[in-house]
Each structure stands twice: as C-alpha cells, then as structure tokens.
Amino acid sequence: MMLAKCRQKRSLPFPLTKLTLATLLKVCSSQPHQLKQIHALILTTGLSVKNSLVTQLLTNQVILGDVQYARKLFDEMHKPRTFLWNTLIRGYAKNDMPMESVSLFRNMSSLGVRPDGFTFPFVVKASTELPESRAGLAIHAHVVKYGLEYNAVVRNELMMMYVKLGDMGLADYLFETMIERDLVTWNSFIAACVQMGYASKALALFHQMGLARVKPDAVTIVSALSACSQLGCLNIGNKIYESAVNDGMESNIIVENARLDMCMKCGSSHMARTLFDEMHLKNVVSWSTMILGYAVNGKSEEALALFSRMQNEGPKPNYVTYLGVLSACSHAGLVSQGRAYFNYIVNSNDQTIQPRREHYSLMIDLLGRSGHIEEAYSFIIGMPIEPDAGAWGALLGGCAIHKNVKVGQVAADKLFELGADIASYHVLLSNMYASAGRWDYVDKVRLKMRKKCIKKVAAYSSVEFNSKVHMFCSGDKSHPQSSSIYQKLEDLYIQIRSLGYISEVGSVHHDVEMEEKEAVLRVHSEKLAAAFGLINVEPKTPIRVMKNLRTCDDCHNFFKFVSRICMREFIMRDKSRFHHFRNGICSCKDFW
DNA sequence: ATACAATCCC
C-alpha cells in the first residue's frame, strides 16, 4: 500500500525525500521483499543516500535474517561506522554463522575501526561456537586492549566463554573480580555451568547466591532444577522449587517443564505425571519431556499412550517428540512399532519432523539391541545422511550385546576412521571381544588405548542424602562412613549368597583369576552407593543411585537380590536408562 | 539516534 503510494508519488512532480524513504523503511521492516524494492527505488531516485538510511535498511535485513543482502549493502558503503560493523557481526552471530562473525571482527580490527562495548558480546559468543574454540583467547586480549574488561556485559560473556572452554579457574576469576554482580551475572554463570555439565558447581553457586542475598528469579530456578536433573537429587530440587514459590517467584511454563524433567531424571515418573496433569498450560516441550521421560524409565506403554493422546488433544509433535517415541520402542524392544513410526516420519511431508541423525541412531539402536544386526547394518548403509559416530556406535553396541564380532569390527573400523577415539567405543569393542572369548583381540584394543593415551572415564555413582550428593568411585574408601559401608556390603553378600546369588565374573572383562574378578566386582561404585543408601536413607523410601556409565550384569543382579532381601525399592539411573528394582525384579526385564 | 549478557524436551 505504502509502496504503491510511493510509486505514484514518483510519477508526480514531487520528489521522494529521504524522510519519506526512512518512514517507508520503518513501516515495511517486516516485509523482506518490499525492502528490496524500496532499495531499488532509492537507487532510481539518484539521491545520495546517507549512511543513516542504509543503516536502517541493513538493520532491517539483519533482523529479518537476510544477512547476505545486508552484507551487500555493507560492502557498498563508504567507511561504515562501528555501529554498522556491530550490526553485521550480530547478524552473522544470530544466524548461526560464527565464522563470518569472527572474521568480520578481524577485518574491522585490521582496518583500525575501534570496537566498542557492543561489539564484543557478539564476537566472544560466536568464538565459542567455532571449531577452533580457543580463538576466543585472542579476542579477550582485544577486550583488554580497548579497555573494556570491566564492561559488565563483555565480562559476563567472557566468563561464560571460559566455562565453555572448561577453564573454571579463569571463569571464577572473572566472576570474583567483577565490580558488581547482578542477577543476570549469577544466572549466566549458573546456566553456563549447567550447560557444560558442572552441576555441583552450579548448585554451589546457587547456594552462594542466596548467601549474597541476591533473590533468584524463574531463570535461576530453571537452571538450578536442571542441575538437579543432572545430579539426580530430587529432594534438593523440590526444596529449591518450593522455597522459590514461597518467596513469590512467578512460576511459568519453562519452570514447570524443568520440574517435570527433574522428576523424570530422578526416576519419579509418577510424580511427573501428577504435575503434568495439574499443569493448566502445556506445550510441546512438556509433552516431549513426559514421553522421553517415560521411555528412559522403561515405561514404554505409558510413553506411547501419552503420545497417542498428544496426537488427539495436544500440540503438534516435533522432532524431539519422535526421539522420545523411538526411544520408547527401543527400550522395550518394540521393533515393528519402531519401524512404523520411523516410516511415518520419513514419508511425512512435514519438514519439521523429518528424521535427523539422532533418529537414525535410535533406529540402529533398536534394531541392533533386539538382535537384528544384519538389518541394522543395511539400515546404516542405506542412510541418506552420512552416518556419524552415533550411528556406528549404536551398531557396535548391538554387536557387543549379541556377540557379533564380524559386524562389530566393521563398525569399530568406521568409528576409528571418523576419528571417534572416545574411550567408551574402545571399551565397547574390548567388551565385545571379551564376551566372545577373544582375549587376543581384547589385548590389542587395550594396547591401542594405551598407545593413544585413551583413558577410560572413571565410573562413579551417587546417592542424595540430607541435602547432599554423596559420590562414590570404584573401591572408594574416602567417605567418612566408609567402614560401615563395607561392613554393610559384607552383610549383604552373606544374605544374598544364601538366596542363590553368584558373582557374574563374566562381567569382568579382564583375563584374570577368578578371585581377582570377584574382588573387582564387589567394590563397584553402585554397590557402595547402595550400601550407603541402606545405612542412611529413611526406611521404606526408595534409594536412588545415579551412575555416570552403564551398569554391569553383576551389579544389576546384585540390586535385584538386595531389593528382595531388604524389601526396598532401588532406582538406578545408568548412562542410558533407568532400572527400577523391586522385590527381586527389574523394570527393564533384563533387556538393556 | 540506533544495540549487548541468563531459562525447559535433543
């Protein structure tokens, strides 16, 4: 409409003024194709367009996401000022082009244009997304050079950068030496720690924040709950939530979703469901959280039932929802259902649910785990996207369970070709050979790991008690209650042996003597954690054990027996799923 | 004259 008027005006003897054009630009800022027409119009007027006008145009394009067009305008400009550099740097950063963002900053710097406090937040953030993540260190030097190290926002962004680089020392230093710490600073630090998996650090900061009398808001609570999800500490999480509500925090759907997730990741799907049913407002994240949560808790029927309810009365499922659906099928061995769901999303015209790498990996996991190794192999070969380490790793996992050395070796070769020298793959491979009795190959893998300095991730388990998370590693003797823990373990062994428990020495993948194997198994971290739980956790309440790696057959069996003789429910979370032990039976039905 | 940092499911 406006544009039509303008064209009309041009045919009359009234000249288009800069003011007209500027107004026009503001009005049309949400219509990209019209903006381009206006730009063409400007060119036909022959008006010497001032930077301010182009600035407006460029800013609009950046907001609309057409960075290429903005770049074109930018390149045509004569000596753009800092603001414009910033705008384009921001444009690249916001459009997931960190490389371009950083290199534009380098251009700017080499041309002698002085960056300001608005330049660095974008550049620093973009630098953390580069493959060469330490590029940010040089940018930090520039920050110092331009005297902006005490600029609150810039410093905040640098602090987060160091958390992402794993340099907590420097992150702490930047935090401690800030002139003032506001709520956003605390929230940024806590959130960055949670994102990088430093959950204990995040909770420590949350506590420290309370001591500093900074009142948390909903954002803080979401991060804190997220930390509790990681640690598996349900009681701490509930306390945090309740005290925030008592302190007048306005709850919102993100907080509620974080709470659902926390319940699920602590093994309390029932509590999650109660909260879910009470929520007035639910979005796709709420539903996906529930479906995925049910899946990892081994409640596939509930997951699929909720999914079908979602299709009838909930929001439109997205690709994450389907990860939950496939995961539910995978954990329950529902092969044909999994295939059907997968075919549905592949054949769907809906771009938003098209399968991604993770969906393919889940399908390979489903097929491999259920023993359809050949099908899993053809599936991976027929993938339209290049299979990544996740896909080959899933195949190797299936082969390790079903002792398929032939396909497993192919998967392992691919993994190493991809440069995926992750310890867990080597361990999987070595375990595969061990279970097939090929000790010669086990030794080869071991040797390779030693040569390449690949260290196994140390196993640990934790139990929450008395508002603390108690950690145990294998053979741990550092806990103050250590002697009673080992005594308890001794008692348990005597009791469960009388019921027929026998150490599954096959779980020890070293070629050593029997007694030695038993000794190794006896002090696995989850057993220590279980004994600790039995000593301390209030009687009749379930004992939650969280483990960072997968549990072994022997520990799985141990928990079954102990749940029976102690009349206690044990909830164990391992790296990929939950095991709910009750009266000698595990919810996973030994399928995992 | 114009602008910058923090939150949920993967």
Side-chain angles (χ1 to χ4, degrees), chain A residues 22 26 50-60 62-63 81-91 93-94 115-126 148 151-161 163 174 178 181-195 202 205 209 216-227 229 249 251-265 272 276 279 282-296 310 315 317-327 356-359 361-362 390:
Chain A
K26 276 225 170 85
K50 273 266 164 60
N51 274 7
S52 65
L53 202 54
V54 183
T55 301
Q56 180 77 51
L57 196 53
L58 196 146
T59 311
N60 284 335
V62 166
I63 292 166
R81 301 229 312 270
T82 299
F83 173 75
L84 271 183
W85 287 91
N86 290 351
T87 308
L88 200 56
I89 287 172
R90 172 176 65 142
K94 290 247 144 90
D116 61 16
F118 291 95
T119 317
F120 286 107
F122 305 125
V123 183
V124 172
K125 189 180 211 150
L148 289 165
N151 173 307
V153 181
V154 174
R155 198 177 184 84
N156 214 337
E157 206 58 74
L158 282 171
M159 172 188 80
M160 292 176 70
M161 177 185 89
V163 178
L174 288 174
M178 257 173 213
R181 286 180 278 278
D182 63 3
L183 182 60
V184 180
T185 309
W186 284 97
N187 285 351
S188 309
F189 202 8
I190 294 172
C193 291
V194 174
Q195 269 175 39
L205 282 167
M209 181 179 169
D217 68 352
V219 176
T220 328
I221 299 307
V222 169
S223 295
L225 292 179
S226 210
S229 302
M249 175 192 64
S251 195
N252 64 38
I253 194 163
I254 301 182
V255 176
E256 296 308 319
N257 288 342
R259 206 167 156 225
L260 286 184
D261 186 52
M262 183 195 69
C263 290
M264 281 299 192
K265 295 225 166 93
F276 178 77
M279 281 167 71
K282 305 177 179 74
N283 61 14
V284 65
V285 177
S286 329
W287 288 84
S288 302
T289 303
M290 289 300 293
I291 293 169
L292 206 66
Y294 273 137
V296 293
M310 180 182 184
N318 64 12
Y319 82 96
V320 183
T321 319
Y322 280 98
L323 291 176
V325 171
L326 292 175
S327 174
R356 308 185 179 199
R357 287 208 160 75
E358 302 99 298
H359 298 90
S361 297
L362 274 169

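Summarising the geometry, the separation between NZ on K125(A) and P on dA3(B) is reported as 18 Å, rounded to the nearest angstrom. Across the protein-nucleic acid pair, H359(A) atom NE2 and dC9(B) atom C1' stand 12 Å apart, rounded to whole Å. When the P atom of dC4(B) is taken as reference, atom CG of N156(A) falls 15 Å away, rounded to whole Å. As a whole-Å value, the separation of M249(A) CE from dT7(B) C1' is 11 Å. Regarding L183(A), its CG atom lies at a distance of 8 Å from the C1' atom of dA6(B), rounded to whole Å. Atom CG in N283(A) sits about 14 Å away from atom P in dC10(B), given to the nearest Å. Between the CD1 atom of I291(A) and the C1' atom of dC8(B) there is a distance of 15 Å, given to the nearest Å. Rounded to whole angstrom, the span from the CZ atom of R90(A) across to the C1' atom of dT2(B) amounts to 10 Å.
Looking at heavy-atom distances under 4.0 Å, K282(A) makes no contact with the nucleic acid at all. Residue F83(A) is classed as a base contact, given a heavy-atom separation below 4.0 Å to a base. Contacts of N86(A) with the nucleic acid, taken as non-hydrogen atoms under 4.0 Å apart, include base atoms. Contacts of Y319(A) with the nucleic acid, taken as non-hydrogen atoms under 4.0 Å apart, include base atoms. Counting non-hydrogen atoms under 4.0 angstrom, G324(A) reaches nothing in the nucleic acid. Base engagement by D217(A) is indicated by at least one non-hydrogen atom pair under 4.0 Å involving a base atom. Nucleic acid contact class of S288(A) (heavy atoms, under 4.0 Å, all strands): base. Counting non-hydrogen atoms under 4.0 angstrom, M159(A) reaches nothing in the nucleic acid.
One finds a side-chain N or O of Q195(A) lying less than 4.0 angstrom from the OP1 or OP2 phosphate oxygen of dT7(B).
D116(A) and N151(A) share no side-chain donor-acceptor pair at under 3.5 Å. Between the side chains of S286(A) and E256(A), not a single donor N or O lies within less than 3.5 Å of an accepting N or O.
The R81(A) side chain lies nearest to dA1(B) when the options are dA1(B), dA3(B), dC9(B). The side chain of L292(A) lies closest to dC9(B) when the candidates are dC4(B), dC9(B), dA5(B). Here the side chain of D116(A) is nearest to one of dA6(B), dA3(B), dC9(B), namely dA3(B). Looking at the side chain of V184(A), the nearest of the listed nucleotides dA3(B), dC9(B), dA6(B) is dA6(B). The side chain of E157(A) lies closest to dA5(B) when the candidates are dA3(B), dA5(B), dT7(B). For I254(A), counting side-chain heavy atoms from C-beta on, the closest listed nucleotide (dC8(B), dA5(B), dA6(B)) is dC8(B). Side-chain proximity of V153(A) to the nucleotides dC4(B), dT7(B), dA6(B) is greatest for dC4(B). Counting only heavy atoms from C-beta on, A191(A) has its side chain closest to dA6(B) among dA3(B), dA6(B), dA5(B).
Looking at V154(A), N86(A), I89(A) one by one, the single match for side chain to side chain contact (heavy atoms under 4.5 Å, CB included) with V123(A) turns out to be I89(A). Across V194(A), D261(A), L260(A), a single residue satisfies side chain to side chain contact (heavy atoms under 4.5 Å, CB included) together with S229(A), and that is D261(A).
The side chain to side chain donor-acceptor pair (under 3.5 Å) search around D182(A) returns T185(A), not counting sequence neighbours.
A distance of 12.5 Å separates CG of N257(A) from CH2 of W287(A), quoted to the nearest 0.5 Å.
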